[in-house]
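Take a look at the structure set out below.
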Amino acid sequence: MKRIWMIPMLALALVATACGSEDDLQTGAGKGQVDFAVDVPQEINLVQSRAESGYALPAALVPAAEDFALAMTGTYLDEQNLSHTYEGSWVSVAAFNTEKPDLQAGTYTATFTHGEANVEGVAKPYFAGELANFVVKANKKITYPVVCKLVNSCFTLQVSAWMLNYYDDIELTIHTATNAFNFTMNSQEVTELTFVNPAQVLSISGTAVKSQNGVAVEFPKTAIGSTLVGETVYAISVDHGTAGAGSLSIAFDGSFTEVAEVEVELNPEV
């Protein structure tokens, strides 16, 4: 009976030795490779008057996965068990894939970016993603998934038919902390997406001429809505106030802001 039980025990010992050797190859000193499966969602959040839903960014504004710039940092141990740091960068994921760099087995963090951070304007989306503390194993090639999302916020602007009937020569300006974007509103067409930094509050100002009597008015700069959130488009809708009222009604993120008009003296010295 003893000889019968010795065979499986010996097999178990051999399996344990083999696994231990494989782990040494994977985690010890040596070099390995990684691939990145980059996903760039086209869908972002849409916030409009009293509603929140999904919104698909125009395909032309969504970068291809291989076009993201890539930067990597990491730490690893050499054959003498001494710790080293690593830094590397590539102009694109495509360039990284072409080079296929051999990396020392260790722990790394990869950062992916596309566009210019903190730059505001039409067609200025900024995307980013990070894969933190992933492992490179010796003599292995591993593929890691990573998601890169829109970092900044964006908005569209639209005026109502009622406002177009009440005013002529409508000029509206949306203000951020560092920029002002001017719009001539002569139809109900929605403006292009304007990308702006998140974590700030927008303001609106403008000028117009009353259709009925030709009196020029201006709308003082007024803060609208709440603090902007990244990965979100805000649909700003501007309407004339209630009948007889000289004001604008700004619909934004479920809230409404009234901006009273101020008549402008065209020839104050006369």
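Between Q104 and G30 the shortest heavy-atom distance is OE1-O, 3.1 Å. Closest of all the heavy-atom pairs between G121 and F181 is CA-CE2, 3.8 Å. Nearest heavy atoms, L164 versus D168: O-OD1, 4.5 Å. Closest approach of A260 to P220, counting heavy atoms only: O-CD, 3.3 Å. Closest non-hydrogen pair, I236 versus F252, comes out as CG1-CD1, 3.4 Å. Closest of all the heavy-atom pairs between Q188 and V159 is CG-O, 3.4 Å.
Enclosure of atom CD in E189 is not indicated, since only 12 or fewer non-hydrogen atoms of other residues, nucleotides or ligands lie within 6.0 angstrom. Other residues, nucleotides and ligands place more than 12 heavy atoms under 6.0 Å from the CD atom of E43.
Checked against the 6.0 Å centroid threshold, Y167 and F219 count as a close aromatic pair.
In the hydrophobic clustering of this structure, V40 groups with W90; members are Ile, Leu, Val, Met, Phe, Trp, Tyr whose side-chain heavy atoms approach within less than 4.5 Å, directly or through other members. Cluster annotation: V262 and V264 are assigned to distinct hydrophobic clusters (Ile/Leu/Val/Met/Phe/Trp/Tyr, side-chain heavy-atom contacts under 4.5 Å, transitive). Criterion: ILVMFWY side-chain heavy atoms under 4.5 Å apart, direct or through other members. Under it, V122 and L61 are not part of a common hydrophobic cluster. Taken together through direct or relayed side-chain contacts under 4.5 Å among Ile, Leu, Val, Met, Phe, Trp and Tyr, I170 and F183 form part of one hydrophobic cluster. Both M163 and V215 belong to a single network of hydrophobic side chains, linked directly or stepwise wherever heavy atoms of I, L, V, M, F, W or Y lie under 4.5 Å apart.
Every pair passing ring-ring contact (aromatic ring centres under 6.0 Å, His included) that includes a residue from residues 57-84 is listed here, sequence neighbours excluded: F68-H114, Y76-H84.
Rounded to the nearest 0.5 Å, atoms CD (E120) and CG (N152) are 8.5 Å apart. For the atom pair CG of L103 and CE of M72, the computed distance is 4.5 Å after rounding to the nearest 0.5 Å. A distance of 4.0 Å separates CG of L57 from CD1 of I44, quoted to the nearest 0.5 Å. Between the OG atom in S211 and the CG atom in N165 there is a gap of 7.5 Å [rounded to 0.5 Å]. To the nearest 0.5 Å, atoms CG (L150) and CD (Q42) are separated by 12.0 Å. Atom CZ in F155 sits 8.5 Å away from atom OG1 in T176 (nearest 0.5 Å).
Side-chain atoms of T109 come within 3.5 Å of backbone N or O of N133 as a donor-acceptor pair. Under a 3.5 Å cut-off, the side chain of Q200 and the backbone N or O of A177 do form a donor-acceptor pair. When atom types are taken as modelled, the side chain of Y144 and the backbone of V135 share a donor-acceptor pair closer than 3.5 angstrom.
Defined by atom type and a distance below 3.5 Å, a donor-acceptor pair is missing between the side-chain atoms of D67 and S92. Side-chain contact check for E258 and S247: at least one donor-acceptor pair (N or O, by modelled atom type) lies under 3.5 Å. A donor-acceptor contact closer than 3.5 angstrom is absent between the side chains of E231 and N45. A side-chain N or O of D253 and one of S226 form a donor-acceptor pair less than 3.5 Å apart. A side-chain donor from one of T184 and E171 sits under 3.5 Å from a side-chain acceptor of the other. H240 and S160 share no donor-acceptor pair across their side chains, judged by distance under 3.5 Å alone.
Side-chain contact between Q212 and Y166: absent, with no pair of heavy atoms (C-beta onward) separated by less than 4.5 Å. A heavy-atom distance below 4.5 Å is not found between the side chains of Q33 and I142. By the 4.5 Å heavy-atom criterion applied to side chains, V238 and I204 are counted as neighbours. Contact of the W162 side chain with the D239 side chain is registered, since non-hydrogen atoms from C-beta on lie closer than 4.5 Å. A heavy-atom distance below 4.5 Å is found between the side chains of N97 and D35. Between V147 and P41 there is a side-chain heavy-atom pair separated by less than 4.5 Å. Looking at L228 and L202, their side chains come closer than 4.5 Å, going by heavy atoms from C-beta outward. At a threshold of 4.5 Å between non-hydrogen side-chain atoms, the residues V229 and Y234 count as touching.
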**OP:** Let me see the working for E218 and E261 under side-chain contact (heavy atoms from CB on, under 4.5 Å), right down to the final yes or no.
**Re:** CA-CA 6 Å; E218 64 180 11; E261 66 178 34; over 6 Å; no
**OP:** Show the numbers, then the answer: is there a side-chain contact (heavy atoms from CB on, under 4.5 Å) between L172 and L157?
**Re:** CA-CA 9 Å; L172 298 177; L157 182 64; 4.2 Å; yes
Subject >> Chi angles and distances behind the side-chain contact (heavy atoms from CB on, under 4.5 Å) call for D39, V146 >> reply: CA-CA 6 Å; D39 179 36; V146 58; over 6 Å; no
**OP:** For side-chain contact (heavy atoms from CB on, under 4.5 Å), just list the numbers for E263 and K210, CA-CA rounded to whole Å, side-chain angles, deciding distance to a tenth of an Å, and then say yes or no.
**Re:** CA-CA 10 Å; E263 292 190 3; K210 290 185 178 181; 4.1 Å; yes
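Every ring-ring contact (aromatic ring centres under 6.0 Å, His included) that F36 has, sequence neighbours left out, goes to F96, F112, F134.
In the hydrophobic clustering, V151 connects to Y126, either directly or through intervening members, whenever side-chain heavy atoms lie under 4.5 Å apart.
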